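Only a predicted model underlies this, so the values are computations on that prediction, with no experimental measurement involved. Start at 1 and go down the list; that is how both ligands and their atoms are numbered. Computation of the quantities below employed the complete heavy-atom set of this structure, encompassing side-chain atoms and omitting hydrogens, waters and symmetry-equivalent molecules. Numbers here simply count residues along the sequence, with the first being 1.
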Amino acid sequence: MSFEKLRPKVEEIINAEGASTDLRLQEICELLKAEIQYYTWVGFYFKNGDKNELKLGPYAGEPTDHTIIPFGKGICGQVAVSNKNFVVPDVSAQDNYIACSIHVKAEIVVPLFKNGENIGQIDIDSNVPDPFTEQDERFLEFVNEKVAEIL
Ligand code: SME
């Protein structure tokens, strides 16, 4: 499904007021994983209270051992401190990378801001090499803006 068609579907999930926040985030992960062929794993990480670490939130895909990631470690930990999107076309070329599965070829992490503060991120793994474009970045920024509305 195209990003244009996915945007209203994301809004529909966000606006489902009967559902808990975690359930809505879970549904977004599942929607993206199901509808975007090269999204192999989709998950949210959030700052873990006052600690300088990320904690895994809702996700769709294989379970990961990396439920806690210290700031600065891996692609996710780097985004926690840089506040910038991180697009990795080839994970094997990254020194500071935490492997979750041997099948993953590429990754994109987009920070999630609430009132200007970087409070988490959406993380996508792909088994396809170099699949992400600026369209993915714009779409994932949109998803995070919508998610921020219900946090
Ligand atoms: N690869 C990530 C770790 C999280 S998993 O992809 C789910 C990283 O390097 O931060």
### Task
Under the ring-ring contact (aromatic ring centres under 6.0 Å, His included) rule, collect the residues that match up with Tyr59, sequence neighbours excluded.
Trp41

Return a table of donor-acceptor pairs under 3.5 angstrom between the side chains of residues 94-106 and protein atoms on other chains or two or more places apart.
unit_1, atom_1, unit_2, atom_2, d
Asn96, OD1, Gly74, N, 2.7
Asn96, ND2, Gly72, O, 2.9
Ser101, OG, His103, N, 3.0

### Query
Considering only heavy atoms, which protein residues lie less than 4.0 Å from any atom of ligand 1?
Trp41, Tyr45, Ile69, Gly74, Ile75, Cys76, Tyr97, Ile98, Cys100, Glu107, Asp123, Asp125

### Nearest-0.5 Å distance, CD1 of residue Ile122 to CD of residue Glu141
11.5 Å

### Query
Hey, are Glu149 and Lys146 close enough for a salt bridge, meaning a charged N less than 4.0 Å from a carboxylate O?
yes

### Query
What residues form a side chain to side chain contact (heavy atoms under 4.5 Å, CB included) with Thr133, not counting sequence neighbours?
Gln135, Asp136

### Query
When you check the side-chain N and O atoms of Gln121 and Asn144, is any donor under 3.5 Å from an acceptor?
no

